[in-house]
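One structure is given here, and the rest of the page talks about it.
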Amino acid sequence: MCKNCKGNYYITTPIYYPSSNLHIGHAYCTVATDAMARYKRLQGYNVKFLTGTDEHGQKIEDKAKEAGVTPQQFVDKIVLGEKGVLDLWKLMNISYDRFIRTTDDYHVEAIAKIFRKMYEKGDIYKGSYKGKYCKPCESFWTESQLVEGKCPDCGRDVEDAEEEAYFFRLGKYADRIRDLLENTDFLEPRSRVNEMVNNFIKPGLEDLCVSRTSFTWGVPVDFDPGHVVYVWIDALNNYITALGYENEKYDDFDAFWPADVHFVGKEIVRFHAIIWPAILMSLELPLPKKVYGHGWLNFNGEKMSKSRGNVVDPYLLSERFGVDALRFFLLRTFPFGSDGNFTNELLINTINMDLANVLGNLVSRTTAMAQKYFEGKLVSGGEAAELDGELRALAAEVIANYEKQMDAFQFSVGLNEAFKLINRANKYIDETAPWVLAKSEETKPRLLTVLKNLCECIRVAAILVSPVMPDSAKAILDQLNVPEEGRTWEALHYCDDPESWWTTSAAAPLFPRIDMEKELAALEELKAQAAKAALPALEVEPYTDEKVDFETFCKNDLRAVKVLECVPVKKSDKLLQFTLDDGSGTNRQILSGIAKFYKPEELVGKTLVAITNLPPRKMMGRESCGMLLSAIHTEKGEEKLNLIMISDSIPAGAKLC
Ligand code: MSP
């Protein structure tokens, strides 16, 4: 353990399936974990924050095959590639201490040993599996767990499955797990306990299938080739292999296990609150101190999913609004244990109201006044008044509440506490009217104290928001030139008579206001562009099964024609009028609706193909005698057309057959 530190603290996020890029829902949990890790570091804990990727399983194997690459290449691209998982966490300022990939050698080696250990203990046995399997979720379900015959997690179709498999005797630990859930605060929020007990434990815990033979992309069972360890034993144990359990890579198991908290989304609470403790019981290891099941973020009231095309891209939002603004929005708006509804309006409103109008405004007004009235140097001295006591008392209350709420993972309430102080400070400006105090030399000492009190409120608030908005908090504290020792947890109390170390300097607005209408329109446009980019690159017309007999086909009189003249047809934005040499000695006129694809002048002199025996047709009052052949296809949702152009050495009138 480190010198002078409060102790070790181990916190984890779920490890992500790199089956496609991460969306804002994934970022939500990671931002929350990051804020908690930063908060604990601020308090003086020696924090280990683990995140990573869960890279095995059939879904990855299938997707890699579809993409024509190996599973390892497939996951490498999503994890390490441009705008991949690591890039996103870097952009979002995620301060993880360790990143595990379940394809890392040390993890693979440890999982094989763990599996063998449980097998030798008699907790894993060989049997045969009959059940319903949801491929996308990689979950087996019993008939009774299905909802209207579909996967209870994702609502998709399940398939019958039977195969030789290894099973974990989960039932053996049912009583201990029920006791853990009901009689300790292992699982939070408490509402999730009833769900676990009623839905899974009371009906009887069935043994869990822990190996598969239908795919190979997993950790091999070393004593039974052909079997790979099925996903949850592989995935859950990441929390201990990443500390060095059953491997030589790391050596922190004794220092950091049991974990202080696993943050997980609500749909995987079952795995963390039932299966994970049972695995640890089997391995005779201590249990994590807490599992916290957070809610889900929906988008405009709907579940976010790639197939619905409504996934929110954290990359895009971070780039447009700033990483801190996005982090703040996620944690301030949605109570951590409940579901939340993400909308762009809500995001922009929160940035405008809380960050631009309230926090940003307090900082810019204060620093501007300090600059204007004291050239930024707020020296010692001044004149206190009764009103100042209110700020002091509120700061003390806010700090105490904040700590309580953050310790209970209630980020939104914790931030709300910080904003009570920020709001109060803004009101204090109106009450003290510094611009009036500045008018006379006599009231200058009072003005000095007022500004120092404001700086003190800002300093305290900046420390409170720093786990959520690390860069902005630093920028604020830098503007106030707060020395390092004034930014610590120990310094997190209201200083009665702030010393003379405040020198403030104005800077560009921390949180610029966003024009709601313009921004919503820009986001819509970007969404449309992204949807277009996601369309299949090239689409060709479906082939027809209808046959045409040879004789009928030969009736088409296809000829080479040379463009003598080509002009747009007045009042039509589609039609071009061609004068063609068809080799007959008389010029032929054809109208063709291709104006959006060609400029008339670029076609003069070209040799094209025309069907010449179609009955003449009137278009915009002009006669068209035949049709020019072209090739059509769709590219990124856009229709493309190319006239069939043939070699200019082919004479006009040559028959094509
Ligand atoms: N690989 C497993 C976890 C194994 S942990 C030993 C997994 N991966 S996941 O990529 O599908 O999901 C990772 C996390 O993202 C889960 O906690 C999940 O709840 C969370 N979220 C995915 N979509 C979400 C939202 N729309 N909203 C909030 N969190 C969501 O599960």
Side-chain angles (χ1 to χ4, degrees), residues 11-34 50-60 63 75 78-79 84-85 88-89 94 99-103 107 111 114 134-139 151 153-154 192 210 218-219 229-242 259 261-280 288 291-308 310-314 317 329-331 333-343 411:
I11 182 166
T12 68
T13 68
I15 47 173
Y16 296 88
Y17 280 128
S19 60
S20 57
N21 281 346
L22 302 187
H23 57 60
I24 196 79
H26 302 115
Y28 175 55
C29 180
T30 309
V31 165
T33 316
D34 184 66
L50 173 75
T51 186
T53 40
D54 182 4
E55 304 186 357
H56 290 129
Q58 181 150 20
K59 191 154 84 180
I60 302 277
K63 285 209 161 187
V75 290
I78 298 180
V79 178
V85 179
L88 179 63
W89 294 159
I94 303 300
F99 191 95
I100 186 169
R101 301 180 64 188
T102 53
T103 51
H107 174 80
I111 291 303
I114 288 170
C134 174
K135 219 169 165 186
C137 297
E138 298 187 2
S139 291
C151 169
D153 271 356
C154 71
R192 308 225 182 264
V210 289
V219 179
V229 176
Y230 170 60
V231 69
W232 286 101
I233 290 242
D234 178 4
L236 288 162
N237 280 295
N238 91 89
Y239 300 132
I240 53 177
T241 62
V261 62
H262 295 308
F263 277 176
V264 302
K266 62 177 185 179
E267 89 292 7
I268 55 171
V269 162
R270 166 179 161 234
F271 302 102
H272 285 80
I274 296 178
I275 296 171
W276 181 220
I279 294 174
L280 290 164
V291 168
Y292 195 95
H294 66 77
W296 267 48
L297 290 191
N298 297 321
F299 182 69
N300 287 340
E302 278 195 330
K303 189 174 165 179
M304 239 180 266
S305 80
K306 211 175 160 198
S307 52
R308 281 200 177 97
N310 66 354
V311 291
V312 178
D313 176 6
L317 297 181
F329 166 71
L330 290 175
L331 296 186
T333 314
F334 309 112
F336 195 48
S338 325
D339 287 350
N341 188 26
F342 184 106
T343 67
F411 303 98

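In listed order, ligands and their atoms are each counted from 1.
In this comparison of Tyr239, Phe342, Tyr16, the heavy atom closest to atom 5 (S) of ligand 1 sits on Tyr239. Proximity annotation for atom 1 (N) of ligand 1: of Asn237, Asp54, Val269, Val312, Asp54 comes nearest, heavy atoms only. The closest heavy-atom contact to atom 25 (C) of ligand 1, among the options Gly25, Gly293, Ala32, comes from Gly25.
Close contacts between ligand 1 and Ala235 involve ligand atoms 6 (C) [criterion: under 4.0 Å to a heavy atom]. Interface atoms of ligand 1 facing Gly265, defined by a heavy-atom separation under 4.0 Å, are 17 (O), 19 (O). Every atom of ligand 1 with a heavy atom of His294 under 4.0 Å away is listed here by number and element: 28 (C), 29 (N). Using a 4.0 Å cut-off to heavy atoms of His272, the atoms of ligand 1 that qualify are 5 (S), 6 (C). Of all atoms in ligand 1, listed by their number and element, those nearer than 4.0 Å to a heavy atom of Trp232 are 4 (C). Short contacts between ligand 1 and His23, defined as distances under 4.0 Å to a heavy atom of the residue, involve ligand atoms 23 (N), 24 (C), 26 (N).
Between Tyr239 and His272, the distance separating the two ring centers is shorter than 6.0 angstrom.
Here's the thing with Glu267: one of its N/O atoms is less than 3.5 angstrom from an N/O atom of ligand 1. Residue Cys29 has no nitrogen or oxygen atom sitting less than 3.5 Å from a nitrogen or oxygen atom of ligand 1, judged on distance alone. For ligand 1, the polar-atom distance check against Gly295 finds no nitrogen or oxygen pair separated by under 3.5 Å.
Here Arg192 contributes atom CZ and Lys266 contributes atom NZ; the two are 6.5 Å apart, rounded to the nearest 0.5 Å.
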